[in-house]
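Working notes, structure below.
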Amino acid sequence: MKNSYYCIILYVILLAGIITALFISGEWYLYSALAGIFAIIAFLDEKYSGWILALLFIGEICTISVGYALFWLIIPVQCAILGIFMDKMHLFSDRQDLKYYLISSGLIVLLLVCIDQMNHMALPIAVTAGGICLFILYALISEFRLRKQYAGDN
Amino acid sequence: MQMRRCTRGIIAALLVFLLIALFLDDPCFFAGAMSVILFLVIRYLIFFRNVKLVAASAQIVRRTDKPNIRQGLSVTVTTNISLEIPASMSASYEEEVVPGLNVDLGEISSGLLKYGSHTVALSYKVIPFIHGNIEFPGGSLIISDPFFIMRIPVSGSSYRGPVLKVYPYRLLEQSHKRSEFGGREIEQLRPIKGSGIRMYREYVAGDDVRNVDWKLSAKQDSLVVREYTGLESMIPLVIVDLPDKEQEFDREAYNKMVSAVSAFIERALKEKVGLSLLIISGPNMIDAILEERNRARYMNVIREILHPQFRLHHMYRMARKSHIRDRIQMMKEHFTDDATTTDEHSIKMIQILQKHLLTIGTSHFSSKITRTISQLNLEDIYLYSLCDGDLSHIQEIALQARRLHMRFRIRTPMINDEFLMRKAFRVMKGETIEGIA
């Protein structure tokens, strides 16, 4: 499978994050196994059903594992995994997509700064649930207005 | 908006991560889950912006080949769609069809269109089963990316139309009003020349010179022409009853029936007998070829027309005059047998039936069948049918054939179907039903 220029940089960042976590924690077998599984899935044939979901799932396990070694390592690893995921789904087609990817990465940094300040997770989870509900409501209203615009009186 | 399978999987994983974060009070799980939630939210915003771009770029122009049409005939609709699709998006367009319009041939969906600007032309045929002014209601744009799918109805005033005027096709025959001078329509037989000579007579201006008997003319010393006898053709009529396209039918049996019809036509043409072919689908006349000997024309009809057809009218809800008369007669006989009866209900029923008998119309199908078979000089009528479903129209043909003293035979490939045949023999009392091998 041919990887894009962005994707190679992201693989390097991901590998660097995992190696750092490996040196900090000393648990070489866990990180080596996760990196190996991720590499196998990433280079699998795209026709394999559900491979993209497996890629993201293993990527998230990697993110959480490196977070246990050093919390701030989540930022580069998570951004790299999301970038690889987008590239595999052919979502890096123009500069606009790159811009949105950078915005997502910036928001992840802000989010981690906020999480780092929290003593417990219950309140942020409740706030997240509320935020998601509000977003769904916003999405439904926007969709209704769009449909109405094109459906006319029907 | 719908989520794709991949998105639903991601959301399920996120919920598990959030629950673990809640129970273990773990910031790493929460951070992982929140990052992906943020990613999905941003992807949705991008998707929604792209949906608006695609919808705004949509231009839909629809036209029909005829503005007016008769109920049951087909009209070709052409829809030109132009769309601009951004990168990583795909879209398709689907025409909405009004209930009462049946799509006969062609595509009503554009198929999946990817990145770029596209102009697609959809062409399809519709058959209106309802009458009145029918406006085409637009369609739907189905826009998707790797995470989400959205269907947008495009049925605003600029996407609807045109209006198709559909005139009704009569089910009942118009009542015949005789003129004050006693005039009425008559059926005329076409004169067909035979080979026998009826008489010789002197030539008069206007006679065909090919009919001059030169030998006799030389003897008589004046031009003598032969007058031939008339010829009555007794060629058979083949009626093919096509199955209803909207109903399930035995395709293998149908193919067998078409082969049998083709073989019958081939045989008749080979023996230089000729035949008449009438194609019906239930009580709907499809086509007729009367007294034709051109093989190519029959083959063309077999290829083009002998396919299942949409049935505009059905006869199973129409009471026939003969049935009503029989019923009244039966009820009256019952009274005669039992003179003491005072069944109010039966008396009322007879009154209702008699009143109905005066107002009931003749079906258009019946009068067309009568006109067709009485205009031909027939001895035999062969009806090829699957004999499934309603048989009222076959009963009607059988009745007309009996009235005109013609032999009527039903040929069906379903002779081995015990259930259908039991029903057919019950309904077609006394008619000959033959099997097609």
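Predicted model, so just to flag it, every value in this text is computed and none were measured. Proteins get letters first, then strands, A, B, ... in listed order; numbering begins at 1 in each.
Using a 4.5 Å cut-off between heavy atoms, A:S142 touches chain B through backbone and side chain atoms alike. Contact of B:I10 with chain A is made through backbone and side chain together, with heavy-atom distances under 4.5 Å. For a residue to count as touching a neighbouring chain, one of its non-hydrogen atoms must lie under 4.5 Å from one of that chain's; by this rule A:F85 touches chain B with the side chain only. Residue A:Y138 touches chain B through its side chain alone, counting heavy-atom pairs closer than 4.5 Å. The parts of A:I125 that come within reach of chain B are both its backbone and its side chain, each placing non-hydrogen atoms under 4.5 angstrom from that chain. For A:L107, the parts sitting under 4.5 Å from any heavy atom of chain B are the backbone and the side chain alike. Heavy-atom distances place no part of B:L24 under 4.5 Å from chain A, backbone and side chain included. Residue contact with chain B, scored on non-hydrogen atoms closer than 4.5 Å, involves the backbone and the side chain of A:I64 alike. With a 4.5 Å cut-off on non-hydrogen atoms, B:L141 does not touch chain A at all. Interface remark: A:I81 contributes no atoms to any contact with chain B (heavy atom separation under 4.5 Å). For A:D97, the part lying near chain B is the side chain, with the backbone staying farther off; criterion is any non-hydrogen pair under 4.5 Å. A:M118 does not touch chain B: none of its heavy atoms, backbone or side chain, sits under 4.5 Å away. Contact annotation for A:A126: neither backbone nor side-chain heavy atoms come within less than 4.5 Å of a heavy atom of chain B. Only the side chain of A:Q78 comes within less than 4.5 Å of a heavy atom in chain B; its backbone stays farther off. For a residue to count as touching a neighbouring chain, one of its non-hydrogen atoms must lie under 4.5 Å from one of that chain's; by this rule A:Y68 touches chain B with backbone and side chain alike. Interface residue A:I108: backbone and side-chain heavy atoms are both found under 4.5 Å from chain B. Contact annotation for B:L22: both backbone and side-chain heavy atoms come within less than 4.5 Å of a heavy atom of chain A.
Taking 4.5 Å as the heavy-atom cut-off, none of the residues of residues 31-38 of chain A approach chain B. Within residues 81-97 of chain B, the residues approaching chain A closer than 4.5 Å by heavy atoms are, in numerical order, B:A87, B:S88.
Contact of the B:F147 side chain with the A:L91 side chain is registered, since non-hydrogen atoms from C-beta on lie closer than 4.5 Å. Under the 4.5 Å side-chain criterion, counting only non-hydrogen atoms from C-beta, A:M89 is in contact with B:C6. Between A:T63 and B:S35, the closest side-chain pair of non-hydrogen atoms is not below 4.5 Å.
Residues B:D25 and A:A122 share a closest heavy-atom pair of OD1-N, 4.3 Å.
For the set B:V36, B:D145, B:L18, the count of heavy-atom pairs under 4.5 angstrom toward chain A peaks at B:V36.
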